[in-house]
Structure formats: C-alpha cells, structure tokens
Amino acid sequence: MKKVVLITGALGGIGKALCKIFYEEHWFVIGTDIRIKDIAPHCEIGMHLDLDKLCKDEGYRASVLTHIEQYTNKLDLLINNAAVQLLSPTESIALADWYETMNVNLTAPM
C-alpha cells in the first residue's frame with residue numbers, strides 16, 4: 001500500500017514541486033489549494049481547501065475530512081506548504097487579516 005501525503009498550497013511553485021517529487025516516489029498524493037477544484041498531473045486527489053474556513057467552520061471541517069476519508073483512512077505525512085503573508089505596515093493590518101494569517105499559517109496545520 002502506498003504511503004499517503006497531503007500537501008497544502010499545491011498550486012504554488014514549491015507545492016507543485018513537492019507533489020511531483022512525492023508522486024514520482026510512488027506516494028499517494030493529496031494536493032490542496034484555495035484556488036482550484038482539481039489539481040493535475042502529480043496528485044491522485046486534487047481538492048479545493050480553504051484553511052481559514054477550516055478553522056472557523058466545524059461543518060466545513062467535517063466535510064473536508066469525510067471527503068479525504070473516501071480515499072484513505074490515514075495520512076503518513078502532512079506538508080503545510082500553504083501560507084498567508086502580510087506585507088502591510090502593522091498599523092494598516094486589519095484584525096480580520098491577522099486572524100486569517102494565524103488560521104492559515106498556524107491553527108489549520110495544528
């Protein structure tokens with residue numbers, strides 16, 4: 001049985017490279033990104049995943065887990081590649097943007 005890896009941020013340059021490397025090493029690759037519905041060619045499963053919403057919405061979180069469990073009942077590796085980076089001066093960052101950053105970068109991976 002193949003080992004299973006879930007890679008967030010699978011559409012970025014690093015994410016695509018990670019998916020390709022694990023796919024070529026015969027892992028079962030689940031690639032996720034907020035910008036897509038399907039990922040190809042180096043993922044067995046490509047899925048849209050909003051990590052901020054995953055932290056805030058219990059129903060959404062349950063549906064994501066149920067979707068993944070349709071394909072596998074385990075993860076051997078989780079690569080938290082997705083990230084939000086705030087580039088504005090501190091005084092101009094909205095609290096909602098800060099919370100989204102913390103959710104995507106810290107809470108969702110936990």
Hey, is [atom1] on [X] packed in by over 12 heavy atoms from elsewhere, all under 6.0 Å?
X     : atom1 : value
Tyr99 : OH    : no
Leu78 : CG    : yes
Glu58 : CD    : no
Lys2  : NZ    : yes

Original post:
Rounded to the nearest 0.5 Å, how far does CG of Asp50 lie from CZ of Arg35?
Top reply: 13.0 Å
Original post:
Name the one of Ile21, Val5, Val4 that satisfies side chain to side chain contact (heavy atoms under 4.5 Å, CB included) with Trp27?
Top reply: Val5
Subject >> Sole residue of Ile45, Ile7, Leu49 in side chain to side chain contact (heavy atoms under 4.5 Å, CB included) with Thr32 >> reply: Leu49
What are the two closest non-hydrogen atoms of [X] and [Y], and how far apart are they?
X     : Y      : answer
Gly31 : Ala10  : CA-CB, 3.8 Å
Ile68 : Met47  : CG1-SD, 3.9 Å
Lys74 : Thr72  : O-OG1, 3.0 Å
Cys55 : Ala108 : SG-N, 3.4 Å

**OP:** Start with the C-alpha gap between Leu75 and Ile30, add the side-chain angles, then the distance that decides, and say whether side-chain contact (heavy atoms from CB on, under 4.5 Å) holds.
**Re:** CA-CA 10 Å; Leu75 287 179; Ile30 302 170; 4.3 Å; yes
**OP:** Could you walk me through whether Ile34 and His48 pass side-chain contact (heavy atoms from CB on, under 4.5 Å), step by step?
**Re:** CA-CA 5 Å; Ile34 194 167; His48 177 269; 3.9 Å; yes
Would you tabulate the side-chain donor-acceptor contacts of residues 81-98 under 3.5 Å, counting partners in other chains and residues two or more places apart, or write 'none'?
{"unit_1": "Asn81", "atom_1": "ND2", "unit_2": "Thr8", "atom_2": "O", "d": "3.3"}
{"unit_1": "Asn81", "atom_1": "ND2", "unit_2": "Gly9", "atom_2": "O", "d": "3.0"}
{"unit_1": "Ser92", "atom_1": "OG", "unit_2": "Pro89", "atom_2": "O", "d": "2.9"}

**OP:** Could you walk me through whether Tyr23 and Glu44 pass the side-chain contact (heavy atoms from CB on, under 4.5 Å) test, one step at a time?
**Re:** CA-CA 8 Å; Tyr23 183 84; Glu44 278 82 6; 3.7 Å; yes
**OP:** Go through Lys56 and Asn103 one step at a time and tell me if the side-chain contact (heavy atoms from CB on, under 4.5 Å) criterion holds.
**Re:** CA-CA 9 Å; Lys56 297 179 197 174; Asn103 282 342; 3.7 Å; yes
Original post:
Given the rule that I, L, V, M, F, W and Y join up when any side-chain heavy atoms are under 4.5 Å apart, are Leu51 and Leu6 in one cluster?
Top reply: yes
**OP:** Determine, using the 4.5 Å side-chain heavy-atom cutoff (strictly less than), whether Val64 and Val104 are members of one ILVMFWY cluster.
**Re:** yes
